[in-house]
Protein chains: 2
Amino acid sequence: MARELLESEGSVGLSMRRLADRLGIRAPSLYSHFADKQALENALIADGLREFGELSLTAIQDDDPVAAYLVAYRTWANAHPHLYRLSYVEPLDSRVDPAAAERAGEAIRILTRGDQRAGRSLWAYAHGLSMLELDSRFGPGATVDDVWQFGIDALRAALRPQGG
Amino acid sequence: MARELLESEGSVGLSMRRLADRLGIRAPSLYSHFADKQALENALIADGLREFGELSLTAIQDDDPVAAYLVAYRTWANAHPHLYRLSYVEPLDSRVDPAAAERAGEAIRILTRGDQRAGRSLWAYAHGLSMLELDSRFGPGATVDDVWQFGIDALRAALRPQGG
DNA sequence: GTCTATATCAAGATAGAC
DNA sequence: GTCTATCTTGATATAGAC
């Protein structure tokens, strides 16, 4: 329910009062379930990280795992834009379940065979493109598909076993 | 003055009241200078975009323009983290001076010789890496320099005249 | 686990005088 | 261009009863 609210109204719309309204209870009652608002957000974030972790691990079972990973990443970000922002913009709160965060990064570690430098570059590209796309930074009506493809080609080349 | 406040306190710290305090006036007086808060932010953003535009145009006068551009981008983001976020996270308000936005993108257009696809990929990488670095997403004490270098190499290869 | 009542705070913005 | 006074809104969170 909190997730539906987040996705329909954005981060600013996710207030204790509005969430309580949707649940048909009063805001103070929420504090029986979550210590504070951050705890509520952390639960949402952890759920999302776990979900994306599963999704991306499935995606890289593909002939072209780099391309498949990036497509899965983009698809996730576009399907859950506000949850994506909540999860990836601003430092991660230290109380977010570490296992969830670990799960979200698993696919990229497999993909880059533990090369942290390559993994972080891949993540950065996916994150940057997702953010710019979500923020409509390429102008209205821009075709973003081929931008993703450009990076897919560049990164696949950089990640070739012999090259990386 | 607004910029100093933004950089020292972050976006949330940039309120009409706090800015007025710093200026030694009362908050309502600000509305003689700016129609609303968004107009104030837009002025800050336009200033930043122009500054980065000049800076990046100078940077690409280099033997290795791709590397120099990325270094300049990273340096700018790290030197003005809150202005960077204000300028590049969330859609750009339509009332921001278009000439400033155009100027900020000039260097990348030159660098990629007008190839929009390549230019947007380059921007996405720089943006993603900047954001993840500003948000401390690589963990405490992570070495980010070599991550940037990985992307520099990958993008330089992808942008070679014969390759792109 | 939920309620009412309330504390506390801070935000953007306007009216109208000087 | 600045002021005082004020409006309006909405947020997180706590105390204590049921």
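Below, each value reflects all heavy atoms present in this structure, side chains not excepted, and no hydrogens, waters or symmetry copies. Within every chain, numbering begins at 1; the chains are lettered A, B, ... in the order of the sequence lines, protein sequences first and strands thereafter.
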Could you give the CZ-to-C1' distance, from B:Arg26 to D:dG1, as a whole number of Å?
15 Å
Sequence neighbours excluded and cut-off under 3.5 Å, please list the side-chain donor-acceptor pairs for residues 91-104 of chain A, or say none.
unit_1, atom_1, unit_2, atom_2, d
A:Asp93, OD2, A:Asn42, ND2, 3.0
A:Asp93, OD2, A:Arg95, N, 2.9
A:Asp93, OD2, A:Arg95, NE, 3.2
A:Asp97, OD1, A:Ala99, N, 3.0
A:Asp97, OD2, A:Arg50, NH1, 2.9
A:Glu102, OE2, A:Arg109, NH2, 3.2
A:Arg103, NE, A:Glu54, OE2, 2.7
A:Arg103, NH2, A:Glu54, OE1, 3.1
A:Arg103, NH2, A:Glu54, OE2, 3.4

Not counting sequence neighbours, which residues clear side-chain hydrogen bond (donor to acceptor under 3.5 Å, both in side chains) with A:Asp21? List them please.
none
In whole angstroms, the gap separating C1' of C:dA11 from CG of B:Leu19 amounts to 14 Å
If only side-chain N and O atoms of A:Ser29 are considered, is one of them under 4.0 Å from the OP1 or OP2 phosphate oxygen of C:dG1?
no
Extract all donor-acceptor atom pairs below 3.5 Å that involve side chains of residues 9-16 of chain A and protein atoms in other chains or at least two apart in sequence.
unit_1, atom_1, unit_2, atom_2, d
A:Glu9, OE1, A:Arg18, NH2, 2.8
A:Ser15, OG, A:Arg18, N, 3.1

Check this for me: B:Gln116, atom CD, are more than 12 non-hydrogen atoms of other residues, nucleotides or ligands nearer than 6.0 Å?
no
Could you state the atom-to-atom distance from CG of A:Asp21 to P of D:dG10 in whole Å?
11 Å
Rounded to whole angstrom units, what separation is found between the CZ atom of A:Arg18 and the C1' atom of D:dT9?
12 Å
In whole Å, I'd like the distance from the CD1 atom of A:Ile25 to the P atom of C:dC3.
6 Å
Could you pull out all residues at least two apart from B:His82 that satisfy ring pair (Phe, Tyr, Trp, His ring centres under 6.0 Å)?
none
Can you check each nucleotide of nucleotides 12-18 of chain D against protein heavy atoms at under 4.0 Å and return B for base, S for sugar-phosphate only, - for none, in 5' to 3' order?
BBB----
Rounded off to whole Å, could you give me the CZ-to-P distance for the B:Phe34 and C:dT14 pair?
16 Å
Sorted by chain and number, sequence neighbours left out, ring pair (Phe, Tyr, Trp, His ring centres under 6.0 Å) with B:Phe138 holds for A:Trp123
To the nearest angstrom, how far is B:His33 atom NE2 from C:dA13 atom P?
15 Å
Could you tell me the separation between the CD atom of B:Glu9 and the P atom of C:dA10, rounded to a whole number of Å?
13 Å
